[in-house]
2 protein chains.
Amino acid sequence: MQRGRVGERLPTLEDVARVAGVSRATVSRVINGIRNVDPQLHEVVWNAVGQTGYVPNRMARSLVTRRTGTVALIVSDSESHDDDPFMSRFFADPYFGRVVGGLMSVLRRSGVQLALQIVGTEDGRRRLVGDLRNGQADGVVVLSLPAVDPLPGMLVDGGVPAVMIGRPGDAVPVDYVDLANETGASLAAEHLLGRGCQQIGMISGPAEVPASSDRISGFRRTMARHGHGWVPMAAGNFTQDSGESAMRTLLAGHPDLDGVFVANDLMALGALLALRDAGRAVPDDVAIVGFDDSSAAVAATPALTTVRHPLEDMAAEAARLLLARIDDPAMRVSSVIYEPALVPRQSA
Amino acid sequence: MQRGRVGERLPTLEDVARVAGVSRATVSRVINGIRNVDPQLHEVVWNAVGQTGYVPNRMARSLVTRRTGTVALIVSDSESHDDDPFMSRFFADPYFGRVVGGLMSVLRRSGVQLALQIVGTEDGRRRLVGDLRNGQADGVVVLSLPAVDPLPGMLVDGGVPAVMIGRPGDAVPVDYVDLANETGASLAAEHLLGRGCQQIGMISGPAEVPASSDRISGFRRTMARHGHGWVPMAAGNFTQDSGESAMRTLLAGHPDLDGVFVANDLMALGALLALRDAGRAVPDDVAIVGFDDSSAAVAATPALTTVRHPLEDMAAEAARLLLARIDDPAMRVSSVIYEPALVPRQSA
DNA sequence: TTGTACGCGTTATCAA
DNA sequence: TTGATAACGCGTACAA
């Protein structure tokens, strides 16, 4: 085994061929496991590979095969300025890491690389789709943050294999993996009603984004079914701070509140803080149900009763779906919906 | 502007050249901003580019320039089995996301892509270094988890521009960005001593990893300087669960404990739980100081007094350092050490 | 079964 | 200043 030295030209197929005493084509065939090769040469070639320390050049290979062995995770932001404080919050959230972990768990097994792309401008989207069509990656997993996002449509039009995590904002024939958000919100509502809460409110995310609006509608529907045709609501933006101020707002308008469904755990953490400040005990005075079952839920005091969102599993499924679509671009468009479950802990 | 159609062959330089009525070489020059071009042609060419919807093929370009415009974030794990529950924990930690966010904040500005690589086997390392030397990425940022890791040395030997986040376990001439972990531990010790704690213990990370051992030695040294030549310790592995059980162990052996320095916030969260179970009030009975100032610190109850670890800034600096080294491989090996600061909150 | 030769889309060298 | 033409490293028809 050769020790790599700086500056030394790397061995190419040609070098291996010379050492093995065969043609470049034969070496290529052996390496790619083509059947029609003399078993004897097979061994000779592999020896030469070991001797030279040859490693295939992925770029040269991709140029001709039009396959890269890479998929990209695209975080599609809305029009963003160069200085984007939101992005740093996004990355620090458990959400991002859970998705990456789930993707990696299946991609790794297939020897597929993961690249990370952030795009937030019209120009950025055009370049991205162009690069993708050029074979920059074999396919993409899209994490779309804005309520309405032109990217999914562009990808589909461009023939780029794509899978979204979370349903697209507008109707686009694209594969996606999602959670039954309405069901999750229903579970939360029923749990609060079941423990006898009389005045139940909700802290939601931005009303425009699909995941958020689904949780709102699911919650409203179930509450209505139980005689609560109207429920007090306040909107946050999924951050802890926004949850805290939403809770204050809610409390100010409805001092008799005894139960709150919060659309994600991070905001629930903020709500807990606001309630403590207001001198309300959780769950005795006010019961809280979060959403996500993130690490924040068990870290909270009291531990959050929450709705489990199997993000890792969903991301893994998205990866599988993507690999399948890459393999067969003609595959019919499909979606996989995961069922949430209520995780009872101390807060409700 | 052309609307991309599936299957349609993408325009190449040749196509643009034909439309513009010039040679391929000229188009290339215009696109790459070479000076020696007739301003008139300049415009003609750009029009042709717009008309055809041309996007340069990065792979073909990289093949000849040996530059990819990509850097890789390598998570170097110790020998890992295919099924790696640790990895999913790692990604779910705020740590990973903060690093990615910091890196992206500077890479984005330079139009550099980020790729993600996980490697944990000897074979994986060899392939990785081979790919890297082949120009798979222009350079790498290394997050090395194991105590002793052959990867940094391999990268240096291979002439791969690399920057580590956290100092290397063994002496390797590689750039790195690190935190003054000893100083941070000292600050924690002094804070606990300053508030009058008499029996102070520590919950550490794995003793072999550099960041962890530095925190241990810094803590011990400062305690010794104040007359505490020996301090009770228990080791965890940076997870919340391990912090909880380490706290129980510590408490069992030293019931009179009134102060604990915990080597990261996640474990501190676990310690808080164990203390609550044991009926000890924080900070009145036992004061707790964490480490990292992660989002977990403010989410905790009581909010954690902790040591600020400016990971985003450090990752951003690592990215800058890497870009500089890529630009000038002969640059002398350098390291940047960040100073931690104590962030006082409720827990101590 | 093996080798020859061409093409993938660029950049870079060298004449013109 | 511009245009042929040769690399870059590889896969693969096609021929032998």
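Naming: A, B, ... by sequence-line order, numbering from 1 per chain.
- A:Thr52 and A:Asp15 share no side-chain donor-acceptor pair at under 3.5 Å.
- B:Val30 is not listed as a side-chain neighbour of B:Val22, based on a closest heavy-atom distance of 4.5 Å or more.
- B:Val27 comes within contact range of no nucleotide atom at all, as no heavy-atom separation falls under 4.0 Å.
- Panel note: side chain A:Ser110, backbone A:Val112; no donor-acceptor pair is recorded below 3.5 Å.
- B:Leu13 comes within 4.0 angstrom of a nucleotide base, judged by non-hydrogen atoms across all strands.
- Here the rule is side-chain contact (heavy atoms from CB on, under 4.5 Å) with A:Leu107, and of A:Leu322, A:Val141, A:Leu73, A:Leu323 only A:Leu323 fits it.
- Candidate nucleotides C:dT11, D:dG9, C:dG3 were compared by shortest atom distance to the side chain of A:Ser23, and C:dG3 ranks first.
- Mapping B:Ala25 and A:Glu14 onto DNA chain D by nearest heavy atom places B:Ala25 at the nucleotide closer to the 5' end.
- Evaluation of atom-type donor-acceptor distances gives no pair under 3.5 Å for the side chain of B:Arg58 against the base of C:dG9.
- You'll find a donor-acceptor pair under 3.5 Å spanning the side chain of A:Arg24 and the base of D:dG11, going by distance alone.
- Listed nucleotides C:dT10, D:dC8, D:dC10 differ in distance to A:Ala60; the shortest reach to its side chain belongs to D:dC10.
- Between B:Asn32 and C:dT11 there is a side-chain polar atom (N or O) within less than 4.0 angstrom of OP1 or OP2.
- Side-chain proximity of A:Arg61 to the nucleotides C:dT10, C:dG3, D:dC10 is greatest for D:dC10.
- Distance B:Asn57 CG to D:dC8 P: 18 Å, rounded to the nearest Å.
- Checked by distance alone, A:Arg29 brings a side-chain donor or acceptor within 3.5 Å of a matching partner on the base of C:dG3.
- Going from atom CZ of B:Arg66 over to atom C1' of C:dT11 covers 12 Å, rounded to whole Å.
- Within 4.0 Å of B:Asn134, counting heavy atoms only, lies no atom of the nucleic acid at all.
- Contact annotation: B:Thr65 does not reach the phosphate of C:dT11 (side-chain N/O to OP1 or OP2, under 4.0 Å).
- Remark: A:Arg35 is not in phosphate contact with C:dT1, judged by side-chain N or O atoms under 4.0 Å from OP1 or OP2.
- As a whole-Å value, the separation of A:Met59 CE from D:dC10 C1' is 12 Å.
- Atoms CG (B:Leu41) and C1' (D:dG3) sit 12 Å apart, rounded to a whole Å.
- Atom pair B:Leu10:CG and C:dG7:C1' shows a separation of 17 Å (rounding to whole Å applied).
- Along DNA chain D, the nucleotide nearest B:Gly21 and the nucleotide nearest A:Ile34 are compared for position; the residue whose nucleotide lies closer to the 5' end is B:Gly21.
- Taking the six-membered ring where tryptophan is involved, the planes of A:Phe96 and A:Phe91 are perpendicular, since the angle between them exceeds 60° and thus also 30°.
- When each of D:dG11, C:dT1, D:dC10 is scored by its nearest atom to the side-chain atoms of A:Asn36, the top-ranked nucleotide is C:dT1.
- When each of C:dG9, D:dG3, C:dG3 is scored by its nearest atom to the side-chain atoms of B:Thr12, the top-ranked nucleotide is C:dG9.
- One interatomic measurement links the two molecules: CG of A:Leu63 to C1' of D:dA7, which rounds to 13 Å at whole-angstrom precision.
- Judged by distance alone, the side chain of B:Arg66 and the main-chain N or O of B:Gly135 form no donor-acceptor pair under 3.5 Å.
- C:dG3 atom P lies 14 Å from atom CZ of A:Arg18, rounded to whole Å.
- Among the heavy atoms of the strands lying under 4.0 Å from A:Thr26 are primed sugar atoms or P, OP1, OP2 only; no base atom is included.
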